Each structure stands twice: as structure tokens, then as C-alpha cells.
Amino acid sequence: MRLFDVDWLDVMRNLSRWSALSVSERASLLHVLKLSGYTSATLFGTHLQAVVDSGIATYDTERHRLLLAEPHRELLKVLRAMGRHPLFDDPTDVALRRYMEEHFTQDEANVVGGKRAQYAFPNVSRQDLVTLASSAGWPGDLLDAASDEELVAWAVKRGEQADDPRLPDTVRRLRWIVEALVAADNTASIADWYGATEESEREAFARAVHLGLRTIVLFAAMSAHDLEPLIGVWPAAAQEMRRGPAHAPVAVTPTAQFGAAVLMEDMTALLASIVAAPVRLRTNDLKVFARAAAEIESRLIFVPPWSEPWLMDAYDTRMDRVTWYIRWHKYATIQSVHGNPHLVSTAEGEAWLALSAHDRLHSLLDPMRASKSRNPSYGYGTRDVTDFFAFTLPFMHEPEQLNLRHALESLFLDLGDGFFPVDKFLDFASRSANPFLQLPQEEMQRVHRQMYLGTTDTRDAFRALWHNAVLEFLQARLAVYGGVTLGVQDDGTVCFSLTDIGRYLLGASDGFRYGSANASDIVVQPNFDIVFLSASPSVEALLSRAAERIGEAPGLTFRLTRASVVRAAESGLTGDEVLAMLTMASSKPVPQNVEREVRGWMAAIRRAQLRTIHVVETGDEQTAARVLSLLGDKAKQLTSTMVELSASTPSARAAMIRKWKAGGVLLEDLTGRSQAPSRGRRATQYE
């Protein structure tokens, strides 16, 4: 170590000189006295005599200047190094990195961190050392060593010489020092600890401290407020090591709740719009235009702001996500309409839309529930939305002992009824219900290497991995499909409760309820307003297909208008179906005037079809007759001189033109020039 590779026994022996000084006298000595050369005595002011009495500095022959006493050069060098890095006052990664950069050469960093040239990394960076040292597993491996052989192996792995006869004793003492620091407040005064050590043990104590500094399980720093030299374990690592096993979370009472199959309802709203009329997309990125997106989003379920992070994708808008999902399920496809890309419904999509809300959700959950996956698939490709897992893991070889599906099912189903805080649940999952940490040690190490989890401790890496995997499942498989009801407490803490939808997905139930209204909370008024006395997201999603949203539940939420009823008809609903929805939702009979107007609006709707045709204009009846005779049933006479062609593809039209030419009829454009048969142009394809 650049500044700490000193005789620590000598440094500790002379710390009593430093301890005898006041804080201001220490500061004067620390910042004024030069390591080499002379320092003017006047610079020490009122602290001059105390500095001289400490013996750390001496007068020159003329007693005008002070000189560092040679026997105490290493003491002052160490004190100044600790003073530059008050780690325990500022325990941040940035501060720790500066410490590593000052004290460790590149060769020393490679030795401590382990050379990684075999993985195409020539050196261990100082940031790698920060990652190691701040991990609870770094000192934890030392505490886990149960025998002298394991202790020596731990030290040799970090660069110590195996043939040192004092090494077993030194590592044992270091282990004891680390245990004592972790059990206390992370740090201790070096002078106090040395002073409390038996005379015969002090040399061994100094060797153990030096070993701890070299292997970055101990750090030497100075307290900024009293300039006291300290040794300690990195605070974050010590705090993690002091924590006992996490306990299953205790049920809490939320102040607000929200639960709905948001993703399914969003798919329904978008698909209903597409069935009514294809939705045009931007050519450059195939996303819905902002104006159309805003109009469709006005019909989506209102999601409380506190629940948005658990229901939304951080990288996509709500509209982008639902567009991707309906395309993935082949409920809609992209086609060129008049040369522009449009989102167009498919027969599968229209059939899915005709199902009840319960059956639509059922069709999305069943493939996930029926999935045979024990563990996530390998790789980083496009996610399979029908798989049980919402995430992939980079397995090169799937451990036989690992069954993450069973682990997830047990984790959620064992909670029981009630609402549980998400943060405490995830902490419990990562620390006490972690299937990776239950693997044999050798298997854990192999999986850790295979999955490229970096240089962090295996246990920390797997805690983070399982924490994120459970969180992803909670969000992308349970919350968005109504598998949990979300709640929020007074302090903003989010909690959740498993629903029968979630139990169905996890295989603990054979069915679930969804889409039935709590009619006592909803009133359809004679003025066409729909009032929600409490929130009911599934009913909101249902009524949004036939009414305009004008507010948020509870309160005035929807209003029936002629335009909203026409839009419902566009999406395929009949008048009876709209009235059935209103009847199911309302706690009172639907007012007669509302029923009468809805039926009237629906009855006034007429349907027509718009199609593109190709017409041949002949100019005289004889030519029209010849065209009809040449084409037979592929043509239809519209007037005495105009003929409609049934062929719609470029190749079919080209064949007609050739047939006319053979029969003596030449096709001309509007300028009178003859047209040659065209091979046609390939239609635009969208992926």
C-alpha cells in the first residue's frame, strides 16, 4: 500500500503522543508541519509548545524553526493519509474510490481483486475494489471461514504468502477484529484499542490491522470532528452483516386501493377503436399519432398516480405498450391503407373483443398458467408474453436443483390474506426466500460465473437478482392483469394483496371472478350522467366503451352522448348490449328517457360499405359490349358505356389488358396514350 505499508506497531506505539494533543493542536501539527525540511515556529502560534512537547517535532539549533522528528515520520505520514480520507464521516462510493486510488497501485489492486485476464479484462479497476469492499460478502467470507485452513486460504486468495508461519494467527486475529467491529458501531479508535491490548499481544494486533488494510476488510481514516485515527469495516457492509434473516411481512391496512386488469382493459379499448376504424400510424416508428393516441387514452382506466410505477413500463408509454401487445397476440396487424401504415383489426382480434371481460382475461392468463417452464428461458430476446415468467435469465446451463416457478408460487401463496408492504416483501424474498442462495456453494459459484453477475459477492448478486425477478413478476404478471390489488398507506408505502386472479395464475385456484359490477356504488342519472360513489376500475373499463369520461371516480365519471353511443356501435356493440351494461352497473333502474334515447340513437344508425372499384369508360356501346364479351364474369356493366372490373390486383389487371389487346381493344389513359400491361409493385410490408 502506498502510504499504509509501514511498521504499524511503531505507529500505534507513538499514537499516545497524538492522543495527548487537543483537537486544535492536532490540526496545527497535521496541516502546518512539513514532512521534510524546516517549518517556521511562528506558524504554530499558541500551539507551538504543545507540538514540541509531543516529541513529534523538534527545534532546529537556533530554535526558530521546527523539524519533523525522524522516528515519527511514518506516524505523521499515516496521520495525514487518514486525514485526507474521512471515510467514516463520508461513506460514499466516491470517497471510497479516492481512498483506493491513493493507497493501491495497479499491481496491488490486481492481487487483492484477483487478476481477470482470463476473462479478457487485463486489470482490476479501483472501482472494482470499491464494489468488492462495499459488499457484505467481502468481509463475510472471512467470518464464514471455520478453520485455520479456510482462513489461510482466504488470505492467500487475496495475495498473502502461504509459507508465512505467522499467517494463521494473524488471520484469526483479523477475523476477531472484524467480528468485534461489526457487532459494535463499525469503527474504533486505534489508540484506545491498542492501549487496551495486552503488551504481549500488541505486535500481533498490529500485524492483523495491517493485513486487514491490505485486503480491504478494514479501513483507516480520521474522524473529521476530533481528528481521532480510526479503523473500521465499511459501514454499508457492516450494516448488512448485522442484519438477521428477514421475516415474512406483516399485514397492513391501506388508506386507498386500486385493482384491475389494466393491460387487458387497455387492449380492449384500443382494439375497440381499431375495429371502428383503422388507426393510422407514423411511418418512421409505427406509433399512433399523438392526437389519435390522446383520444384513445381518454377511454382508458384511470390509474391513481401512486400506483403508476407498478402498472406502467418505465420505457414505454401506455399506448405504445398496448399497441405492442395486441400485435403480439395477432389481434391487430399493420397494413397499408392509401399508402400509409394503419393498425387494422384481425378476425382473431374481433372474436376476442366479442368475449366478456372475464373470458378476455381468461384467454390471456391460460397460456401463462399452462406453461411448462420450471425456470425462465435463456437469453435477451423478445419476451414471450404467454410464458409464466416475465423475465429471462442468462443461463448457460440450468441448475437441476433450481425451480424458480415453484419458488415464486410458494412465495406469493404463503402470504395468505391481507395487504403486505412491497418493500418488506421484496426484502424477505431476496434474503430469506431466495432459491439461488439455497443452491450448494459450488453450484452458486458456477451459476454466478455463467450469468456474468460481475465482481460483486455471490450472495449480494443473487439477492439483487431475485429481488428484481420477483419485482418483475409482481408487476408484469400479477399487477397488470389484476392478480393483485394495490394499496397505499398514509406514509406513501405501497402494499399489495393477492386476488383470486393471482391465485388462478399461480395454480392455487380453478377459476376467478372478474367484470361483475358492485351496482350499489354506481348510478345512471336522467341527465345521462353516470356517478360512481366509489372506485370500480373494471366497471369504468366496461362503460368507457359506450360513454365519455368527464371525471374520475368517485364522483361524476361518465356521460352518455350520441357520439359515445355511435362510437360503441362502431366497435360492434348493439343497443341491447349497451343497455345491458348500464343495467348491470347501475344500482337503480336505467331512467326511461335514457333508455329511450339510447335506443333511438342506435336505431338512427345506418350502415354502408365503401370500396374502391376500377371502371373502364368505353365511349360507345359497341366497345362496352366487346369488353364484356372478352371478360365475361370478370366485368359488370354499370351504364351503357361504363364497365366495372372485378380484378383488383395489378397482375390481374395486366392480364385483362393483354386479353383486350388480343381482342382488338386498346386501353388508354386520360391523355389518350395507350397503356402497356404492368407487372405491378410489391405492397409495403411492416414488421
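When reading the values below, keep in mind they use all heavy atoms of this one structure, side chains included, and skip hydrogens, waters and symmetry mates. What you are looking at is a predicted structure, and each value in this text was computed from that prediction instead of being measured.
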Query - Qualifying salt bridge (Lys or Arg N to Asp or Glu O under 4.0 Å) pairs, either residue in residues 208-223, two or more places apart - result: E160-R214
Query - Partner set under side chain to side chain contact (heavy atoms under 4.5 Å, CB included) for E102, not counting sequence neighbours - result: L3, A81, R84, H85
Requested in this report: Sequence neighbours left out, what passes side chain to side chain contact (heavy atoms under 4.5 Å, CB included) with R166? Give chain and number order.
Outcome: D164, T170, E203, R207
Report task. Answer yes or no: is there an ion pair linking E62 with R65, defined by an N-O contact shorter than 4.0 Å? Result -> no
Query - ring-ring contact (aromatic ring centres under 6.0 Å, His included) pairs, two or more places apart, involving residues 12-35 - result: none
Requested in this report: Indicate whether the side chain of R242 and that of N186 have a donor and an acceptor atom separated by less than 3.5 Å.
Outcome: yes
Report summary line: With sequence neighbours left out, the residues meeting side chain to side chain contact (heavy atoms under 4.5 Å, CB included) with E198 are S200, E201
Requested in this report: Not counting sequence neighbours, which residues clear side chain to side chain contact (heavy atoms under 4.5 Å, CB included) with D5? List them please.
Outcome: M1, H210
All N/O donor-acceptor pairs, side-chain side in residues 407-426, below 3.5 Å, sequence neighbours left out:
| residue | atom | partner | partner atom | Å |
| --- | --- | --- | --- | --- |
| E409 | OE2 | R405 | NE | 3.2 |
| S410 | OG | H406 | O | 3.0 |
| D417 | OD1 | R503 | NH2 | 3.1 |

Query raised in the report: If you measure only the distance, is there a donor-acceptor pair under 3.5 Å linking the side chains of T485 and Q257?
Result: no
Query raised in the report: In terms of side-chain heavy atoms, does D491 have a donor or acceptor partner in T493 at a distance below 3.5 Å?
Result: yes
Requested in this report: Indicate the atoms forming the closest heavy-atom contact of A133 with M100, along with that distance.
Outcome: CB-CE, 3.8 Å
Query raised in the report: In terms of side-chain heavy atoms, does S125 have a donor or acceptor partner in D128 at a distance below 3.5 Å?
Result: yes
Report task. Please list, chain by chain and in numerical order, all residues satisfying side chain to side chain donor-acceptor pair (under 3.5 Å) with D163, sequence neighbours excluded. Result -> none
**Report entry** Pairs flagged by salt bridge (Lys or Arg N to Asp or Glu O under 4.0 Å) wherever residues 425-438 is involved - sequence neighbours left out
**Finding:** E240-R431, R243-D427
Query - 4.5 Å side-chain heavy-atom contact, P168 and V152 - result: yes
Query raised in the report: Which heavy-atom pair separates L486 from W310 by the least distance, and what is that distance?
Result: CD1-CB, 3.8 Å
Query raised in the report: Are there more than 12 heavy atoms of other residues, nucleotides or ligands under 6.0 Å from atom CG of D185?
Result: no
Report task. Report the residues that fulfil ring pair (Phe, Tyr, Trp, His ring centres under 6.0 Å) with W193, sequence neighbours left out, ordered by chain and then residue number. Result -> W176, F205
Please tabulate, for side-chain N and O atoms in residues 86-96, each donor-acceptor pair with protein atoms closer than 3.5 Å (sequence neighbours left out).
| residue | atom | partner | partner atom | Å |
| --- | --- | --- | --- | --- |
| D89 | OD2 | A224 | N | 2.6 |
| T92 | OG1 | A95 | N | 3.2 |

Report summary line: In short, side chain to side chain donor-acceptor pair (under 3.5 Å) pairs touching residues 38-51 with sequence neighbours left out are S40-T42, Q49-D53
Report task. State which residue, out of L143, L174, L132, fulfils the side-chain contact (heavy atoms from CB on, under 4.5 Å) condition with V217. Result -> L174
